[in-house]
Amino acid sequence: MADSSAERTYVMIKPDGVARGLIGDVISRFENKGLQLVAMKLVQVTPEHAEKHYEDLKSKPFFAGLVEFITSGPVCAMVWKGPNAVRIGRLLVGATNPAEAAVGTVRGDLAADISRNIVHASDAVESANHEIALWFKDEEITSWDLPAAQWICE
Ligand code: IDP
Ligand code: MG
């Protein structure tokens, strides 16, 4: 079985979350859950990069608006690590549409509209690895011991 404690996910606070001063709130939720922050940077995204990140959605009617939105201000790009990091990241973020996202999730608590839903989190281990490579160079990803790890998983 793969070592799921080494699982990593790509999480990004979108321009609306950055502009609304919600970086700290989002980070706190991931820290409090027990995931480990291993990389983080603010990025002014280019249209080319945004199109690559959202490649799967190219045919959607909202694609052009999505690219315009993601490039409209800085995003906070992060890599979080821990057991089941991908699944836990999706749980913390909540459903895509904030009108359907459970209270207690980022989108359920802090967002109101599907096109301004504050945060991105990878939807599978494979896409997480792809997105981490798209956003970060290997040397930008740190390796450090989370002192509380023994209290978070066996
Ligand atoms: P996800 O972010 O929950 O993984 P995806 O289906 O991958 O959801 O869509 C990526 C992003 O595209 C969403 O977070 C949202 O910002 C935007 N989006 C998805 N569906 C719609 C829509 O119907 N209208 C406008 N924007 C949308
Ligand atoms: Mg997605």
Side-chain angles (χ1 to χ4, degrees), residues 2-138 140-142:
D3 175 11
S4 64
S5 68
E7 193 169 295
R8 298 184 307 175
T9 189
Y10 176 67
V11 177
M12 171 169 74
I13 304 171
K14 301 180 185 183
D16 52 341
V18 175
R20 289 176 54 197
L22 297 174
I23 292 175
D25 187 317
V26 173
I27 287 178
S28 286
R29 291 164 186 252
F30 280 75
E31 285 183 327
N32 291 342
K33 182 69 175 172
L35 293 182
Q36 180 187 12
L37 183 61
V38 293
M40 177 166 79
K41 61 184 176 184
L42 280 186
V43 185
Q44 180 63 57
V45 188
T46 63
E48 294 71 30
H49 196 82
E51 283 169 19
K52 268 190 210 159
H53 174 77
Y54 283 123
E55 209 164 29
D56 298 359
L57 302 172
K58 227 172 358 196
S59 61
K60 301 283 185 190
F62 57 83
F63 183 71
L66 179 60
V67 169
E68 193 180 334
F69 163 58
I70 287 296
T71 57
S72 66
V75 301
C76 181
M78 298 175 280
V79 179
W80 289 87
K81 183 178 154 184
N84 303 303
V86 171
R87 182 158 167 66
I88 288 174
R90 292 292 286 192
L91 283 175
L92 291 174
V93 161
T96 305
N97 187 346
E100 285 159 18
V103 167
T105 64
V106 174
R107 289 163 172 172
D109 289 351
L110 306 172
D113 187 277
I114 194 165
S115 61
R116 298 288 182 273
N117 62 5
I118 297 181
V119 70
H120 166 88
S122 306
D123 63 6
V125 172
E126 199 179 52
S127 45
N129 291 334
H130 175 75
E131 289 168 2
I132 290 167
L134 185 64
W135 288 89
F136 288 94
K137 298 178 188 139
D138 281 349
E140 290 178 310
I141 301 174
T142 61

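This structure is a prediction, so every number in the text was calculated from the model and none was measured. Both counts, for ligands and for their atoms, begin at 1 and track the order of listing.
Of the candidates Val11, Ile27, Val79, Ile27 is the only one forming a side chain to side chain contact (heavy atoms under 4.5 Å, CB included) with Met40.
Atom 16 (O) of ligand 1 has its closest protein heavy atom at Lys14 NZ, 3.0 Å. In this structure, the protein non-hydrogen atom closest to atom 7 (O) of ligand 1 is Leu57 CD1, 4.1 Å. In this structure, the protein non-hydrogen atom closest to atom 20 (N) of ligand 1 is Phe62 CZ, 3.3 Å. Among all protein heavy atoms, the one lying closest to atom 15 (C) of ligand 1 is Ile114 O, 3.3 Å.
Heavy atoms of Arg107 approach ligand 1 to within less than 4.0 angstrom. Arg116 does not count as a contact of ligand 1, since none of its heavy atoms falls under 4.0 Å from the ligand. Not a single heavy atom of Phe69 sits under 4.0 Å from any atom of ligand 1.
Near Asn117, the atoms of ligand 1 lying under 4.0 angstrom from a non-hydrogen atom of the residue are 13 (C), 14 (O), 15 (C), 16 (O). In summary, the atoms of ligand 1 found under 4.0 Å from a heavy atom of Leu66, numbered by their order in the structure, are 12 (O), 16 (O), 17 (C).
Side chain of Arg107 to main chain of Val119: a donor-acceptor pair is present (N/O by atom type, distance under 3.5 Å, no hydrogens or angles).
The two residues Arg20 and Ile118 have their closest heavy-atom pair at NH1-CD1, 3.7 Å. The two residues Gly73 and Gln44 come nearest to each other via the heavy atoms C-OE1, 3.6 Å. Ser122 and Val86 make their closest contact through O-CG1, 3.6 Å (heavy atoms, listed as atom of the first residue, atom of the second, distance). The minimum heavy-atom distance linking Ala77 with Trp135 is given by the pair CB-CE3, 4.2 Å.
Ring geometry, His120 versus Tyr10: the interplanar angle falls from 30° to 60°, so the pair is classed tilted.
Expressed to the nearest 0.5 Å, how far OG of Ser115 lies from NZ of Lys14 amounts to 9.0 Å.
Neither the backbone nor the side chain of Lys60 has any atom closer than 4.0 Å to an atom of ligand 1 (non-hydrogen atoms only). Contacts of Asn97 with ligand 1, taken as heavy-atom pairs under 4.0 Å, are absent altogether. Here Arg90 has side-chain heavy atoms under 4.0 Å from ligand 1, and that is the only part of it that gets that close.
No more than 12 heavy atoms of other residues, nucleotides or ligands lie within 6.0 Å of CZ in Arg87, so this atom counts as exposed by the packing criterion.
Geometrically, ligand 1 and Tyr54 share no nitrogen or oxygen pair separated by less than 3.5 Å. In terms of polar-atom proximity, defined here as any N/O pair under 3.5 Å, Thr96 does make such a contact with ligand 1.
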